[in-house]
Number of protein chains: 2
Amino acid sequence: MAEVARAAGVSVMTVSYAYGQPGRVSDEARAKVREAAERLGYPGPHPGARSLRSGRTGNLGVVLGEHLTYAFDDPQATRFLSGVAQVCADHGMALTLVPVTGSPSDVDRVTEAAVDAFVVWTTADDDPVIDAISATGLPAVVHGGPRRDGLSFVAADDRAAATAVGREVFAGARRPGVLSFPLDRARLSGVTSGAPLNDALPAGSGPLPPGGIDPDASTFRVTRQRLRGYRDAWAETGGDWSQVRVAVCSTNSAREAETFAAELLTGPYACDAIAAMSDELALGVLRAATRLGLTVPGGLTLSGWDDSDAAAPAGLTTVAQSLRDQGARCARTALDHLTPADRDTEVAWHLISRTSTRRA
Amino acid sequence: MAEVARAAGVSVMTVSYAYGQPGRVSDEARAKVREAAERLGYPGPHPGARSLRSGRTGNLGVVLGEHLTYAFDDPQATRFLSGVAQVCADHGMALTLVPVTGSPSDVDRVTEAAVDAFVVWTTADDDPVIDAISATGLPAVVHGGPRRDGLSFVAADDRAAATAVGREVFAGARRPGVLSFPLDRARLSGVTSGAPLNDALPAGSGPLPPGGIDPDASTFRVTRQRLRGYRDAWAETGGDWSQVRVAVCSTNSAREAETFAAELLTGPYACDAIAAMSDELALGVLRAATRLGLTVPGGLTLSGWDDSDAAAPAGLTTVAQSLRDQGARCARTALDHLTPADRDTEVAWHLISRTSTRRA
DNA sequence: CTGTTAGCGCCTTCAT
DNA sequence: ATGAAGGCGCTAACAG
């Protein structure tokens, strides 16, 4: 900028004004500056230097609890981010995805991120990234969990929703099953209740603890609350949680779900009702059921979650919630500089009963 | 940092080293620094200031030619970005999505972006954003087009691929049709060749010029090359381009495609072969065909593009190319600081013949 | 191993 | 309407 000033025969400040507050500079001076800048190939004020002075970066940081590519690989995350992106565009803010990979150095990545605020996608209670974000002192909004003092929190009442959809899918069932998201950061996957453990799984998979799943032990708040809700629903019918088989998928993919569903749907304790934690997983169940010649809801009742595009055509009973709206709300909350610990937000959901359950 | 230094009884540089080059500082000094930082709630070196000194931001900028939310709404863009994200994660770089919205101020957004390099998703030849990126002098890689001196370029040979798939889908056809991406930034949509123009379209839509589509007039390189390729393929059968009906979609969505396909498939000049520029669009055609009671390939031959997950189950003949790999390659090229104007890269593609065409 | 010096490029403050 | 200091928070490059 100094060079441009010299070339234009004006002071540095005039150049700065010419860019930052064009109205405060004479047309003549501005023209000289533009000309000199053009000639020297000056690309305009350096964004980094500018942000050092102003204290603003113009970036909203988004942290995926999982891995950076997760943002584009999981349909739920994608919809959420679409909402975040919309708000960013409205505010002229860039959207910076922090490159977490699951390694301990993720904490450094967070600390080094040049952003004005954070939005955090569902992660585990013991994820150190949450502490790192908290330590930055920047405004931050956590979606889905964990809850933390000083960080805002946006989520649906997953437990109540799970109870509602559980009533629907478990009505009249004798052998209920649940297809669950990972329980904790270890992301172990497998099937409970004596079913053979699945070995052919991606790295990081391993056997589940025998003897069933304790909802309270899950460190992902969303998973925990949904398991509790399903348990509540089954308890209402007079059933016991230990009767409910649980398969845990390590990813939100129909392919993995199909494999586990095949296990849940065969053998001496074959399920006749499955509550899945996403439509994606439910679709995998549907494929497995079709291959096994099971009719829905005659031979199997099934529920999903999210009311994705594929849910309606598939006749899937599901919990409708707009991840896109939730993303938008998170971004807005983060950018509005709401004072930390501002009141948390509970978002809306509603049950959609379709033909995959019997009470519709 | 100065405060921390004072509180720890050391110099500012010792604090700086304690964070940036821990090995260069005695354990004792480091402990004092950590303690003081903890006590004062010092969150670590300010990323902006650090990057001002070092000249690196740790951000890879990605510009979507369209709109920021496009990144998460279009499956093709999503796959591409997944590849970009993977490389970013490997390099510990953050991925910054520049908030373009289609307005003229997008140029400012680009200029203000604090990034070390740019990756640009397919845009039009006359998009001013390209000039703005070029003016920053930063390394930049353009995917799909336009080509520009000083910017690297990654794309498949779309024309050759379109010719190959065109031969397949137009074989034995009497009334060929094409379902195209937008021709230019105006994104007008509609159907050519005497068919009624579709008015019920999103904002920004309008009538197409009568008398057919001139491939050379499209300012999107990808669209232009594919149209030329389809024209070449039809010409090989002795046909004339003016016989080919073209429907232009303003978005890459099955829903819009279904509407236009219904037009292409009815009336006195109903098509018996349709080449679509994406699997997404082809799937829309398939839905329209099903509703009209047409069999594929008996009553209609059909081709897509990309070999997305849905292509194989649908039996869709298509052009396979890995958008994810292309995203990764773009990111790698951008981050390797390849000198601008480094050799352009042509990426691989291959034809997959399935049951939606007759030559399989 | 630690400290000193000198800015990175810009913009806020206060003159002129 | 323009210009001269000074400093945002940090770190390369040198001493000691």
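Please read all numbers here as calculations on a predicted model, not as lab measurements. Numbered from 1 within each chain, the chains take letters A, B, ... in sequence-line order.
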(message) For a quick check of understanding: with a heavy-atom distance under 4.0 Å over all strands, which category does A:V12 fall into, base, sugar-phosphate or nothing?
(response) nothing

(message) If you assign B:V25 and A:Q21 each to the DNA chain C nucleotide with the nearest heavy atom, which residue ends up on the more 5' nucleotide?
(response) B:V25

(message) Please list, in numerical order, the residues of residues 37-47 of chain A that have a heavy atom closer than 4.0 Å to any atom of DNA chain C.
(response) A:Y42, A:G44, A:P45, A:H46

(message) With a strict under 4.0 Å distance from non-hydrogen atoms of chain B, what nucleotide opens and what nucleotide closes the contacted stretch of DNA chain D, reading 5' to 3'?
(response) D:dG9 to D:dC14

(request) Please check if atom CZ in B:R30 has more than 12 non-hydrogen atoms from other residues, nucleotides or ligands closer than 6.0 Å. (result) yes

(message) Among A:N252, A:T251, A:T69, which residue satisfies the side chain to side chain donor-acceptor pair (under 3.5 Å) criterion with A:D74?
(response) A:N252

(message) Using a 4.0 Å heavy-atom cut-off, does A:M1 contact any base of the nucleic acid, only the sugar-phosphate backbone, or nothing at all?
(response) sugar-phosphate

(message) Please classify the nucleic acid contact of B:A2 as base, sugar-phosphate, or nothing, using heavy-atom distances under 4.0 Å.
(response) nothing

(message) Could you check, using the six-membered ring where one of them is a Trp, whether B:F72 and A:F72 have ring centers closer than 6.0 angstrom?
(response) yes

(message) Should the side chain of A:R53 and the base of C:dG9 be counted as holding a donor-acceptor pair, with the cut-off at 3.5 Å?
(response) no

(request) Specify the separation, in whole Å, of atom CZ of A:R50 and atom P of C:dC8. (result) 19 Å

(request) Mind telling me whether B:H143 and B:F80 have parallel, tilted or perpendicular rings, with 30° and 60° as the class edges? (result) tilted

(request) Answer yes or no for A:R50 and A:Y19: cation-pi contact, defined as NZ/CZ to six-membered ring centre under 6.0 Å and angle to ring axis within 45°. (result) no

(request) Report, as yes or no, whether the 6.0 Å neighbourhood of atom CD on A:Q21 holds more than 12 heavy atoms from other residues, nucleotides or ligands. (result) yes

(request) Consider the side chain of B:V10, meaning its heavy atoms from C-beta on, and name the nucleotide among C:dG3, C:dC11, C:dG9 that approaches it most closely. (result) C:dG3

(message) Tell me whether B:E3 at atom CD has more than 12 heavy atoms from other residues, nucleotides or ligands lying less than 6.0 Å away.
(response) no

(request) Work out which heavy atom in B:P99 is nearest to a heavy atom in B:D106; give both atom names and the distance. (result) O-OD1, 4.1 Å

